[in-house]
Amino acid sequence: MDQIVSLSRRRGFVFPSSEIYGGLGSTYDYGHYGVLLKNNIKARWFEAMILERDDIVALDSAVILHPRVWEASGHVEGFSDPLVDCRTCKLRFRADKLEDSQCGRKPSKHPGETPECDLTEPRQFNLMFETTVGPVQEEGSRAYLRPETAQGIFINFKNVLQIARRRPPFGIAQIGKSFRNEITPGNFLFRVREFEQMEMEFFVQPEESERWYRYWIDERLNWYLRYGLRQSRLRVREHGPDERSHYSQGTSDIEYLYPIGWSELEGVANRGDFDLTRHTEFSTTKLEYVGPDGERYVPHVIEPAVSLERIIVAMLVDAYDEEVVGERERTVLRFHPQIAPVSAAILPLIAKSEEMVSKARSLYEDLRKRQSVEYDDNGAIGRRYRRQDEIGTPWAFTIDEQTLSDETVTVRDRDSLAQERLPISGVRSWLDDALEQDWKTPKAD
Ligand code: ATP
């Protein structure tokens, strides 16, 4: 994890937030490549969930909703974690995750391991961030930053049903920020207080919910494989009945083998009719499906939910590689080409050669209209390749001496390091084709 954190910072993917003020624990800002990476992951999710399907529509609901939403959903009453304070080191921990927490003092590694740790009894701590709406802080102005995007979807069920003219099975998907006042954030982006969720609620006939639940576990697992995560690092873990949320009729975690061990990447839950029933009760608006021949029922809901942050950590970990080439060590991020922040680099071999620069710039101007590409003429060519390796750019096109005589360029492959020559006029279609190909990581399991 340390290597990932340091590379992310060094190459401008992720910075600790508010650094010039001493930082704000477990809060991060995304730099240029981090933003490009996030955009690609969101785009691939959006394609798989919406653009490639006929049965799911998009939504972008508000962050601050009517406070009654969170009463109906059960969050006001029950969205809490058990918290313990240590009277010795003055730190707070999640009582159910003591073994994952670090004690503030030696010799204990984890809190509570030695008598020196003086822990309080656990008490429930609500994870929702409170805020007030309007200029005066008074009774009735209290609201919450959403701790999940899902409720914004449920409260729009009727709108979508009527206006988008949908009938089950159909889904509503959205990407947006969620906020949780986590007691023990940490492990880089794995557990943060502000994160971007990608959730989809799939409404089905009650008797079909089990089938769709299994279907979505497979779909989501296959999405990770499609975008290059190694099969040996992914597994599905079904929750036991005592581990499931009160509303859940079945929950499975898609887990990834993070450096901290197997942990939840994405959750897929069969939420039954809990949400629509509760919002019907609290809002008095009937949230049900009425068919053309009068049949009516409250659809059951299958929910795949994940955060961009957990995907980013998994993809960085899976892509990170170090190897010795010739005498040199190189660090390379072996991202799937459609995930990599930059698809190709365009490099004039000699930055002082006007002809090379002009050819490289015109290739760059052509490619940048459609792809995320980067022009770089700064430093020795070997150093430029290594810079691109570190941000995971799958291909580099180099304009050299030979280009000036025969209008061909060298394309260098990030993973195999193979180089071949292409006519400069064919680069654009070559890159389009290369990006369309299936891709498998060369990293060993
Ligand atoms: P955990 O048990 O790890 O706290 P959870 O079961 O509460 O997670 P859900 O409520 O199911 O998580 O949230 C759905 C998804 O949102 C998770 O699978 C995870 O990808 C992501 N997620 C939840 N909390 C955080 C967080 N604090 N930071 C980053 N991502 C998160």
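Reckoned from all heavy atoms, side chains included, excluding hydrogens, waters and symmetry mates. Counting starts at 1 for both ligands and their atoms, following the listed order. It should be emphasised that the depicted structure is a prediction, and the values quoted were computed from it without experimental measurement.
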Centroid separation Trp262 to Tyr256 less than 6.0 Å: no

For atom 30 (N) of ligand 1, what is the nearest protein heavy atom, given as residue, atom name and distance? Ser307 OG, 2.8 Å

Could you tell me which atoms of ligand 1, counted from 1 in the order shown, lie closer than 4.0 angstrom to a heavy atom of Glu182? 24 (N), 26 (C), 27 (N)

Steps toward salt bridge (charged side-chain N to carboxylate O under 4.0 Å, His left out) verdict (Asp389, Arg412): CA-CA 11 Å; Asp389 287 343; Arg412 170 193 184 263; 3.1 Å; yes

Validate the cation-pi geometry between Arg11 and Tyr33: distance from NZ or CZ to the six-membered ring centre under 6.0 Å, angle to the ring axis within 45°. no

For atom 22 (N) of ligand 1, the protein heavy atom that lies nearest, with its residue and separation: Phe195 CE1, 3.7 Å

Mode of Glu266 contact toward ligand 1 - side chain, backbone, both, neither (heavy atoms, under 4.0 Å): backbone

Give me the residue, atom name and distance of the protein heavy atom closest to atom 20 (O) of ligand 1. Leu265 O, 2.7 Å

Geometry only, no angles: is Arg310 polar-contacting ligand 1 at N/O separations under 3.5 Å? yes

Centre-to-centre under 6.0 Å for Phe202 and Phe170, is that the case here? no

Which atoms of ligand 1 have any heavy atom of Val192 under 4.0 Å away? 26 (C), 27 (N), 28 (N), 29 (C)

Identify, for atom 17 (C) of ligand 1, the protein heavy atom at the shortest distance, and state residue, atom and that distance. Glu264 OE2, 3.3 Å

With a 6.0 Å cut-off on the ring centroids, do Phe157 and Phe203 count as close? yes

Counting from 1 in the order shown, the ligand 1 atoms closer than 4.0 Å to a non-hydrogen atom of Gly267 are 18 (O)

Axial cation check for Tyr224 ring with Arg220, 6.0 Å and 45° limits: yes

I need the nearest protein heavy-atom contact for atom 16 (O) of ligand 1: residue, atom name and distance, please. Gln197 NE2, 3.3 Å

Taking the minimum heavy-atom distance to atom 13 (O) of ligand 1, which of Arg180, His239, Glu199 ranks first? Arg180

The atoms of ligand 1 lying under 4.0 Å from a heavy atom of Val306, numbered in the order shown, are 15 (C), 20 (O)

State if Asp253 counts as touching ligand 1 under the rule of any non-hydrogen atom under 4.0 Å. no

Are the charged groups of Glu390 and Arg10 less than 4.0 angstrom apart, N to O? yes

Relative to ligand 1, is Arg191 under 4.0 angstrom through side chain, backbone, both or neither, heavy atoms considered? both

Within 45° of the axis and under 6.0 Å from the centre of the six-membered ring of Tyr30, does NZ or CZ of Lys38 qualify? yes

Is the positively charged end of Arg146 above the ring of Phe179, judged by distance under 6.0 angstrom from the centroid and angle within 45° of the axis? no

Distance to 0.1 Å, residue and atom name: give those for the protein heavy atom nearest to atom 29 (C) of ligand 1. Phe190 O, 3.2 Å

Could you check, using the six-membered ring where one of them is a Trp, whether Phe397 and Tyr364 have ring centers closer than 6.0 angstrom? no

Would you mind checking which non-hydrogen protein atom is closest to atom 15 (C) of ligand 1, with the distance to 0.1 Å? Ala305 O, 3.6 Å

